[in-house]
Amino acid sequence: MKKTFYVTTPIYYVNAKPHLGHAYTTIFADTICRFHKLMGEETFFLTGTDEHGDKIVQAAESQGKSPQEYVDEISSLFKNLWPELDIENDKFIRTTDPYHKECVQRFLQIVYDKGDIYFGEYGGYYCFGCERFYTEKELVDGMCPDHKKPPTYIHEENYFFRMSKYQDWLREYINDNPDFIQPEPYRKEVLSMLKEPIGDLCISRPKKRLTWGIEMPFDKNFVTYVWFDALINYLSAIGWPDSEEFKKFWPAYHIIAKDILKPHAIFWPTMLKSAGVEIYKGLRVHGYWKVDETKMSKSLGNVVDPLSLKDKYGVDGFRYFLMREMHFGHDGNFSEKNMIERFNADLANDIGNLFNRTLSMINKYFKGKLKSQISFEDMDKELILLGKRSLNNYITSFESFNSAEGLENLMIFVRAVNKYIDSVAPWTLFKNKDLDRLNTVLWVVLICLRKIALALWPVMPSSSEKMLNAIGLALDVKSFDFKREVDDFSTWEISDNLPKNLNLFPRKEVFKEEKPKKEAKSSKNEEQESYIDFDVFQKVDLRVGKVLDAAKHPNADKLLCLKVDLGEQKPRSVVAGIAKYYKPDELIGKNVVMVANLKPRKLRGEISEGMVLAVHKKDGLQVLAIDGEIDPGSKIS
RNA sequence: GGCGAGGUAGCUCAGUUGGUUAGAGCAUGCGGCUCAUAUCCGCAGAGUCGGGGGUUCAAGUCCCUCCCUCGCUACCA
């Protein structure tokens, strides 16, 4: 039976249009999947869209559409983009698909029957204007980002997943399986998250507030919320629990960006464990693209959507750049300049030109037809040995999801072939009429090109197929084994009608950078960073305030709650992190220095309408205070 | 503030359990070839491996400390 390989991208949330990040993850998954196909495995590649939740309902309303209309529209943007990027997914799942809903309910029921779901109280910040909860992180300075009003802390009954029950198991599992989460830094990060209690997971929302979701199978008044809906797509897409596909392909490798590490590394394995489903095979985490806008078509004065560069440089050039430039686990730098440089150096100069010069010589010296009788000399054997070694390294790299390293290993081989041609100098052999040797040399080069073209297929399927067609090999991935291809450099059928040339990657114009201008600009920026203008300082409203009252914060032991008179109608409520250094009584009556126009914000539930200035000393903090009688509210400048 | 990751040539990164003159690609400069997309090949320059201290016969590699960047997190207003 064939080895199988199942790889997924996250399902993308349809509140935004596809961008570079989506494209990268999906191209990466496609490349990895194609690599495994090339290795002779039976593969399944899943991507799709995540379509439930309140944000979707709101976005739809704002456009005057029904949620279904809205998600249909955005989802199709994703679905239609992938073929344009030569991405061949086996399935495109949508969380609004009926089979997915059924599957989620089935999963929930199993976990519920096991006793891992309980009904409990949930507290959170709720904005009545938005009719929704906000996490503390979403709040801007303690306010609802839309209504600019403080939300209300309310309690609500909800269903919870007993995630904490599996914390110890998960920690051990990750310790025992170093390959489970990779690259290593992310594995360590997850282990460090697991040092703290992970708590239980709130997995429902009452229907009275949110209907756009999947109904809880054991309570019609609730829908499931976010992760129980989304993560289960990896199972529902292949027909868990009974389908042939599920039996064949599960467990999966999940490819994600670092922002959703926690749900995939902690929620998902514990969910699977609870439901008694085999744990997924591995999580592979990549970084972000830092888009350098100053280097993007600066001369035109407009910022270019990175995705649009696929049209300018071709899908293959675009895919190659992304796969070559992002080092696995690191963040990558995306700029048009880097893209052109990479395109010219690797694709145009090294690979493209190598193909072209070879075909040209075969045509010039042998009219496009080589003889198969050959005998290798030491030089030839050395090149072949090096080829096998670098291709094996290429395989190892791609097996561990490291596309940049894999392509670098391939480039070592490409450079070696160019060097081989130079040191053999076929043009001299031709002059000397040493045609047998010349035939052998070109034959060796051509077979190397075949291997190189095959190795490029996962990253640049279209260009790879052009190369292979040119040398007479129609690639049938279904019956392929790249490993065998790497081991055997001696037998193959050669086309006796090779083309005169093949200009795959025409060089791109090098980006013109106006260096002096740029330097001037950057030094100016530095200046701007280390100084603030006077008018910025003037915006800070510093005033003297008299502390009328001070008390310990009810819900925090490092904070004090003060009432400060600023000469206004009502004294201000101010929270200060000085409980370690001051007793409440010591502060009463002091004239302190305050920032009076700081945006109010809640700290552990108490509103703070200003900031008390203090000096940082070796042994703690000393509040700035003014001696003598001063009118509260006096301005400081 | 806490935890984690990082700081190696102009740029992107490798550097195995500490061991001879710290590597690769790109970029730069010089030379060679002419089959080729002014491409290819060779040579060269450049790094007190973030700073300081320590362990050791020997440290980019181990320990301490400080600085900076990024991520998560917080009882930072």
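Note on naming: letters A, B, ... go to the chains in the order of the sequence lines (proteins, then strands), and numbering restarts at 1 for each one.
- Of the N and O atoms on the side chains of A/D200 and A/S164, at least one donor lies less than 3.5 Å from an acceptor on the other residue.
- When rounded to the nearest whole Å, the span between CG of A/N344 and C1' of B/A38 equals 12 Å.
- The interatomic distance linking A/K262 (NZ) with B/C72 (C1') rounds to 9 Å, in whole Å.
- Taking atom P in both B/G10 and B/G53, one finds a spacing of 24 Å when rounded to whole Å.
- For A/S608, taking side-chain heavy atoms from C-beta onward, the closest of the listed nucleotides B/C41, B/A77, B/U34 is B/A77.
- Between the side chain of A/E405 and the main chain of A/F401, no donor-acceptor pair closer than 3.5 Å is present.
- For RNA chain B, the neighbouring residues in residues 403-416 of chain A, judged by any heavy atom under 4.0 Å, are A/E408, A/R415.
- The strand RNA chain B forms stems, runs of 3 or more Watson-Crick or G-U wobble pairs with distances below 3.5 Å, at B:1-7 with B:67-73, B:10-13 with B:23-26, B:28-32 with B:40-44, B:50-54 with B:62-66.
- Across all strands shown, A/P506 has heavy atoms under 4.0 Å from base atoms, whether or not it also approaches the sugar-phosphate.
- At whole-Å resolution of the value, CG in A/D422 and C1' in B/G31 are 14 Å apart.
- At a non-hydrogen distance threshold of 4.0 Å, A/A348, A/N349, A/D350, A/G352, A/N353, A/N356, A/R357, A/S360, A/M361, A/K364, A/Y365 from residues 346-369 of chain A come into contact with RNA chain B.
- For the pair A/L261 CG and B/U73 P, the interatomic distance rounds to 11 Å; values are reported in whole Å.
- For A/F366, the ring-ring contact (aromatic ring centres under 6.0 Å, His included) criterion is met by no residue, not counting sequence neighbours.
- For A/F334 and A/F321, the distance between ring centers is under 6.0 angstrom.
- Residue A/N503 is in base contact, counting any heavy-atom pair closer than 4.0 Å across all strands shown.
- Separating the C1' atom of B/A5 from that of B/C75 is a span of 26 Å, rounded to the nearest Å.
- Donor-acceptor pairing under 3.5 Å is recorded for the side chains of A/S573 and A/K563.
- For A/R437, the salt bridge (charged side-chain N to carboxylate O under 4.0 Å, His left out) partners at least two apart in sequence or on another chain are A/E377, A/D380.
- A straight line from CH2 of A/W427 to P of B/C35 spans 8 Å, rounded to a whole angstrom.
- Note on A/A425: nothing from the nucleic acid sits closer than 4.0 angstrom, heavy atoms only.
- Using C1' as the reference atom, B/C68 and B/G50 are 7 Å apart when rounded to the nearest Å.
- Using a 4.0 Å cut-off between charged nitrogen and carboxylate oxygen, A/R319 and A/D316 do not count as a salt-bridge pair.
- With both ends at atom P, the span from B/U12 to B/C70 equals 15 Å, rounded to whole Å.
- Nucleotides B/C63 and B/A46 are separated by 32 Å at their C1' atoms, to the nearest Å.
- Under 4.0 Å is where a charged nitrogen must lie from a carboxylate oxygen, and between A/K337 and A/E341 at least one such pair does.
- To the nearest angstrom, P of B/C70 lies 20 Å from NE2 of A/H286.
- Atom CG of A/L613 and atom C1' of B/A77 are 10 Å apart (whole Å).
- For B/A77 and B/G18, the P atoms lie 45 Å apart once the distance is rounded to whole Å.
- Residues meeting the side chain to side chain donor-acceptor pair (under 3.5 Å) test with A/T396, sequence neighbours left out: none.
- At whole-Å resolution of the value, CG in A/L194 and P in B/U73 are 15 Å apart.
- Residues satisfying the salt bridge (charged side-chain N to carboxylate O under 4.0 Å, His left out) criterion with A/R284, sequence neighbours excluded, are A/D179.
- If you take atom P in B/A27 and the same atom in B/U39, they sit 9 Å apart, rounded to whole Å.
- With both ends at atom P, the span from B/U17 to B/G54 equals 26 Å, rounded to whole Å.
- Each of A/L502 and A/R324 has a nearest nucleotide on RNA chain B; the 5'-most of these lies closest to A/R324.
- Under the salt bridge (charged side-chain N to carboxylate O under 4.0 Å, His left out) criterion, A/E399 pairs with no residue at all, not counting sequence neighbours.
- Closest approach to the A/E341 side chain among B/U34, B/A77, B/C26 is made by B/C26 (side chain taken as heavy atoms from C-beta onward).
- A/F398 meets the ring-ring contact (aromatic ring centres under 6.0 Å, His included) test with A/F35, A/Y394; sequence neighbours excluded.
- In terms of modelled atom types and a separation under 3.5 Å, the side chain of A/S397 and the main chain of A/N393 share a donor-acceptor contact.
- Partners of A/E382 by salt bridge (charged side-chain N to carboxylate O under 4.0 Å, His left out), not counting sequence neighbours: none found.
- Note on A/R415 versus A/E408: salt bridge recorded, some NZ/NE/NH1/NH2 to OD/OE distance being below 4.0 Å.
- In this structure, A/K419 reaches the B/G42 phosphate: one of its side-chain N or O atoms is under 4.0 Å from OP1 or OP2.
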| note | The contact string for nucleotides 1-17 of chain B, one letter per nucleotide 5' to 3', using protein heavy atoms under 4.0 Å with B, S and - for base, sugar-phosphate only and none, comes out as --S-S------SSS---

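- By the side chain to side chain donor-acceptor pair (under 3.5 Å) test, A/D422 pairs with A/R357, sequence neighbours left out.
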